[in-house]
Amino acid sequence: MTNNLLEIRDLHKSYGAVEVLKGVDCTMRQGDVVSIIGSSGSGKTTMLRCINMLEEFEGGTISIDGQAIGYEIVNGQRRRKSEREIARQRALTGMAFQQFNLFPHMSAVGNVMLGLVKVKKIGRDEARAVAETWLDRVGLRERAEHYPGQLSGGQQQRVAIARAIAMNPKLMLFDEVTSALDPELVNEVLQVIKNLAQDGMSMLLVTHEMRFAYEVSNRVIFMNQGRIGEEGNPREMFHKPGTERLAEFLKSSTFN
Amino acid sequence: MDIMHFLDVVWLARMPILKGLGVTISISFLAICAGTVLGVFVGLALTYGVRPLRWIVRGYTDFIRGTPVLVLVLASYYVLSTVGLDLGPFQAGVLALAVFCSSHVGEIVRGALQSIPRGQTEAAKAIGLTFPQTFAYVLGPQALRQVLPAWVNTAAEMVKASTLLSIIGVAELLLRTQELISRSFMSLEFYFFAGFLYFTINYAIERFGRYVERKTAVPT
Ligand SMILES: Nc1ncnc2c1ncn2[C@@H]1O[C@H](COP(=O)(O)OP(=O)(O)OP(=O)(O)O)[C@@H](O)[C@H]1O
Ligand SMILES: [Mg+2]
């Protein structure tokens with residue numbers, strides 16, 4: 001037992017014959033804000049998706065608050081946990097996706113309420129109140145009854161973040177939540193994430209926004225070809241990259 | 001044709017016509033309901049079933065869809081009895097139509113479910129919904145909107161296909177009409193009138209589809 005919030009040990013993941021994660025280790029403490037950077041195809045998304053079991057993984061362990069995620073060892077055999085148990089564990093983390101993935105047939109508040117009512121089994125009235133509070137926090141109180149099709153990309157992403165956060169996860173996962181947005185809509189979403197970080201939310205975020213990663217995180221992980229190439233505090237990482245790889249990567253990405 | 005005389009004849013024949021209409025509606029209603037329920041399961045199996053199940057169900061739908069409905073009706077009536085399942089003509093006919101309907105609905109449901117972006121399932125999983133919940137609240141409602149137009153078509157086809165039950169002696173609208181014609185010799189008039197009734201049923205189904213579509217429309 002440790003007091004780490006997230007503990008990833010020797011994570012291996014392949015798609016068919018292609019090994020995408022080749023032994024990733026990572027730990028996070030309560031309140032940490034960790035950014036994952038790295039070139040396309042280095043396995044950032046895959047790592048995030050393993051943490052909430054959107055992907056299976058063949059080797060290594062992931063635990064959140066000391067709970068082994070997805071798999072357990074029974075009589076020396078590694079076994080996938082039951083679907084029910086995995087569903088329950090997924091609620092430990094919240095995830096925001098690049099493409100928002102709001103439910104198009106539900107209003108903004110309906111999107112946020114669904115998990116509260118069906119997973120947390122909170123009564124509808126209370127769930128609505130919680131959902132409205134979170135929509136308020138992301139600046140969308142007056143848009144509560146709007147449907148995703150009636151919202152801008154930035155607004156949709158903020159609803160999606162509210163939907164995830166309202167579940168009161170221990171850890172938030174963000175996968176390039178601004179890369180599908182028009183440039184003028186990026187900031188409103190980044191601001192929401194910054195506010196959450198300031199409130200002490202633990203988060204792990206994949207991003208191509210280097211300045212944002214620099215400002216918001218207390219640690220940065222550089223992924224390189226399925227491994228952690230380098231990690232450290234943002235200041236060191238961005239100003240004094242320790243590896244040739246990272247230096248190259250930083251040069252090729254715009255720090256704006 | 002003398003319209004007054006014709007209406008007179010129809011009025012005199014109202015009881016057999018109404019009975020036939022009632023039987024046609026019952027056949028269609030039962031076949032569509034049973035076929036839709038079964039078809040949803042077929043669609044689920046085709047989309048989410050484990051491989052062996054998927055193959056079996058795929059075989060079932062392809063076979064059924066490739067068989068003329070009349071053959072299904074005849075087989076259901078004559079062949080099932082040889083294996084000890086003795087159904088009356090009405091039951092056998094409804095069974096055949098329901099089976100036929102289920103294979104079409106299954107295909108429609110599969111198409112609709114597969115067209116829903118993967119991100120929907122992932123977002124549902126990410127908030128901790130189990131698969132049955134994901135289906136009930138996220139995938140099902142979205143699929144419903146997509147299947148409606150095709151479902152209305154299939155339902156209308158079922159009403160038309162119900163006429164085939166006349167061949168195994170179910171006294172539905174067409175058989176009643178033919179009986180009336182053989183007595184009155186007003187074939188044009190009665191066929192026309194029957195056609196009008198079939199059109200009315202299908203028009204009602206289409207209105208119902210539109211109504212559900214409107215009710216479930218999502219504001220954009
Ligand atoms: N479903 C999949 N099937 C097969 N290969 C996949 C699948 N998903 C990802 N990959 C491969 O795994 C590797 C890592 O992908 P991943 O999406 O984790 O990269 P990433 O670091 O998030 O990249 P990006 O910055 O472009 O989002 C890539 O080579 C990708 O082609
Ligand atoms: Mg990615």
Side-chain angles (χ1 to χ4, degrees), chain A residues 45 48-49 51-55 82-108 110-121 145-151 156 159-160 162-169 172-175 180, chain B residues 40-41 43-45 47-54 108-152 209-220:
Chain A
T45 296
L48 234 53
R49 290 167 57 88
I51 295 173
N52 67 355
M53 283 297 283
L54 287 181
E55 297 290 351
S82 71
E83 280 308 321
R84 178 166 290 277
E85 177 65 8
I86 287 174
R88 198 188 59 72
Q89 291 192 324
R90 284 198 183 103
L92 293 172
T93 53
M95 183 151 188
F97 302 84
Q98 192 171 344
Q99 300 297 336
F100 332 137
N101 299 341
L102 286 182
F103 307 130
H105 58 299
M106 294 178 191
S107 62
N111 267 273
V112 183
M113 283 171 67
L114 183 64
L116 297 171
V117 174
K118 302 301 176 188
V119 179
K120 292 230 183 271
K121 314 279 182 203
E145 302 303 330
H146 285 52
Y147 282 75
Q150 301 170 309
L151 298 171
Q156 288 187 54
V159 174
R163 175 176 70 181
I165 295 273
M167 297 296 290
N168 195 19
M172 268 300 295
L173 308 169
F174 295 88
D175 188 10
Chain B
V40 169
F41 285 106
L44 283 172
T47 320
Y48 304 115
V50 292
R51 206 162 282 167
L53 176 65
R54 222 157 58 212
I108 295 167
V109 168
R110 181 195 60 79
L113 287 173
Q114 285 184 345
S115 74
I116 298 174
R118 266 240 314 262
Q120 292 291 305
T121 308
E122 295 183 347
K125 280 181 178 174
I127 53 175
L129 294 181
T130 59
F131 183 75
Q133 290 176 320
T134 302
F135 184 77
Y137 308 119
V138 177
L139 303 177
Q142 292 185 61
L144 174 67
R145 290 174 181 80
Q146 287 203 35
V147 302
L148 271 175
W151 181 86
V152 165
R210 286 271 166 80
Y211 170 78
V212 178
E213 247 174 283
R214 246 198 339 272
K215 277 277 160 195
T216 57
V218 170
T220 47

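Every value quoted in this text rests on a predicted model; they were computed, and no experiment measured them. Throughout, protein chains are lettered first and strands after them, A, B, ... in sequence-line order, and every chain is numbered starting at 1.
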Quiz item: Which region of A/M53, side chain (C-beta onward) or backbone (N, CA, C, O), has a non-hydrogen atom less than 4.5 Å from a non-hydrogen atom of chain B, or is it both or neither?
Solution: neither
Quiz prompt | Part of A/L102 within contact of chain B (heavy atom distance under 4.5 Å) | solution = backbone
Practice problem: Please report the closest heavy-atom contact between B/I127 and A/V119, naming both atoms and the distance. | Solution: O-CG2, 3.5 Å
Quiz item: At what distance, to the nearest 0.5 angstrom, does CZ of A/R84 lie from OG1 of B/T130?
Solution: 6.0 Å
Practice problem: Check B/V138 against A/H105 and note the closest heavy-atom contact, atom names and distance. | Solution: O-CE1, 3.5 Å
Quiz item: Which one, A/L114, A/L116, A/N52, A/L173, leads in non-hydrogen pairs under 4.5 Å with chain B?
Solution: A/L114
For residues 93-100 of chain A, which side-chain donor-acceptor pairs fall under 3.5 Å, sequence neighbours excluded?
{"from": "A/T93", "atom 1": "OG1", "to": "A/R90", "atom 2": "O", "distance (Å)": "3.2"}
{"from": "A/Q98", "atom 1": "NE2", "to": "A/S179", "atom 2": "OG", "distance (Å)": "3.2"}

Self-check item: Structural part of A/P104 lying under 4.5 Å from a heavy atom of chain B
Solution: both
Quiz item: Considering residues, nucleotides and ligands other than B/F131, do more than 12 of their heavy atoms fall under 6.0 Å from its CZ?
Solution: yes
Practice problem: Please state whether the side chain, the backbone, both or neither of B/A124 comes within less than 4.5 Å of a heavy atom of chain A. | Solution: both
Quiz prompt | Proximity breakdown for B/Q133 and chain A, heavy-atom pairs closer than 4.5 Å | solution = side chain
Quiz prompt | Residues of residues 113-121 of chain B with any heavy atom under 4.5 Å of a heavy atom in chain A | solution = B/R118, B/G119, B/Q120
Quiz item: What is the distance from atom NZ of B/K125 to atom CD of A/E83, rounded to the nearest 0.5 Å?
Solution: 7.0 Å
Quiz item: Is it the side chain or the backbone of A/R49 that comes within 4.5 Å of chain B heavy atoms, both, or neither?
Solution: side chain
